[in-house]
Amino acid sequence: MPFKPVEVPKCLCCGKSVYAAEEVIAAGGKFHKSCFKCDMCNKFLDSTNVANHEGKIYCRLCHGRKYGPKGYGFGSGAGTLGMDTGERFGNKECEMSNKPSTAVSGGTSGTGPKCPRCGATVYDAERAIGITVPWHKSCFKCKDCNKSLDATTVATHDGEAFCKGCYGKHYGPSGYGFGQGAGTLSSAT
């Protein structure tokens, strides 16, 4: 009976032989411990944070940056809004694959309410909460000082939104004694 040598598996990253003492098994193959790192950020991986895509391995964060959904409302955790695509790690595929065409990107052709500030369609996911007139969250800022507003801090005039301070400056009472604080009204006799 002829001697048949044992075939040593190859590392999916570098292609060299992987022996049992130095192997990590993941993504349907074996890796050297020193090769088992993210293809984008080079962070060493373990079984809890590895993601596989088309034969390459990534940490879950970089995998999400490169292949996950992109755009407003997508981030790396609950309650975050992110646009991080991992470009600083060399990800050249940063452009959204489902980016709307330029004819639709302004949002004016969609059906539904229009934002008073930009004129684009306001969809439920991007609508400012607590006000009756639909505004984009990103547009719902004071016209003068650009401060973000909410239902408790907004004052409107002729369809424009202002913070209460700027509204008072432009449309509040004026004259001697107004706008200087409590107890400063005085009457000249």
Side-chain angles (χ1 to χ4, degrees), residues 38-43 49 51-54 56-182 184-185:
C38 177
D39 194 57
M40 233 164 89
C41 70
N42 286 325
K43 181 169 65 173
N49 69 350
N52 174 16
H53 192 89
E54 297 177 355
K56 293 187 178 185
I57 55 173
Y58 302 93
C59 66
R60 292 204 183 274
L61 188 60
C62 287
H63 183 268
R65 286 177 177 140
K66 191 165 186 166
Y67 300 107
K70 309 270 188 302
Y72 184 77
F74 293 103
S76 56
T80 61
L81 300 175
M83 295 291 289
D84 185 8
T85 58
E87 195 169 14
R88 67 186 178 282
F89 298 121
N91 183 21
K92 301 297 182 206
E93 301 160 13
C94 297
E95 199 63 35
M96 293 189 314
S97 60
N98 61 348
K99 186 175 181 180
S101 67
T102 54
V104 180
S105 65
T108 55
S109 64
T111 59
K114 306 293 186 218
C115 177
R117 176 80 36 92
C118 69
T121 303
V122 180
Y123 298 100
D124 287 340
E126 56 192 7
R127 185 176 178 156
I129 299 171
I131 54 172
T132 55
V133 177
W135 285 73
H136 292 116
K137 291 175 194 171
S138 57
C139 292
F140 198 50
K141 297 179 179 182
C142 177
K143 183 179 179 184
D144 283 352
C145 68
N146 215 25
K147 184 191 303 183
S148 291
L149 301 172
D150 62 35
T152 62
T153 60
V154 68
T156 58
H157 185 78
D158 291 336
E160 269 301 338
F162 296 92
C163 68
K164 291 186 177 182
C166 290
Y167 178 85
K169 266 194 298 191
H170 295 290
Y171 306 108
S174 58
Y176 183 73
F178 286 103
Q180 298 170 17
T184 60
L185 281 178

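Just so it is clear, the model here is predicted, and its values are computed rather than measured. In what follows, residues are counted from 1 in the order of the sequence shown.
With rounding to the nearest 0.5 Å, the separation of NZ in Lys143 from NE2 in His157 is 9.5 Å. A distance of 11.5 Å separates CD1 in Ile57 from SG in Cys62, rounded to the nearest 0.5 Å. Distance OH/Tyr58 to NZ/Lys43: 14.5 Å, rounded to 0.5 Å. Rounding to the nearest 0.5 Å places CE of Met40 at 8.0 Å from CG of Leu61. To the nearest 0.5 Å, atom CG of residue Leu149 and atom NZ of residue Lys137 are 14.5 Å apart.
Among all heavy-atom pairs drawn from Lys114 and Gly119, the shortest one is CD-O, 3.5 Å. Arg127 and Val133 get closest at one heavy-atom pair: NH2-C, 4.3 Å. Between Cys41 and Cys38, the closest heavy-atom pair is N-SG, 3.4 Å.
Considering only heavy atoms from C-beta on, Val154 stays 4.5 Å or farther from Phe162 through its side chain. In this structure, His170 and Asp144 have side chains that are in contact, with non-hydrogen atoms separated by less than 4.5 Å. Pro134 places none of its side-chain heavy atoms less than 4.5 Å from the side chain of Cys115. In this structure, the side chains of Thr153 and Cys163 stay at 4.5 Å or more apart for every pair of heavy atoms. Between Ile131 and Phe140, some side-chain heavy-atom pair lies under the 4.5 Å cut-off. Side-chain contact between Lys66 and His53 is absent, with no heavy-atom pair separated by less than 4.5 Å.
Judged by distance alone, with hydrogens and angles left aside, the side-chain atoms of His136 form a donor-acceptor pair with the main-chain N or O of Thr121 at under 3.5 Å. For Arg117 (side chain) and Lys141 (main-chain N/O), a donor-acceptor pair under 3.5 Å exists by modelled atom type. Side chain of Glu126 to main chain of Tyr123: a donor-acceptor pair is present (N/O by atom type, distance under 3.5 Å, no hydrogens or angles). Side-chain atoms of Arg60 never come within 3.5 Å of backbone atoms of Asn49 as a donor-acceptor pair (strictly under, hydrogens ignored).
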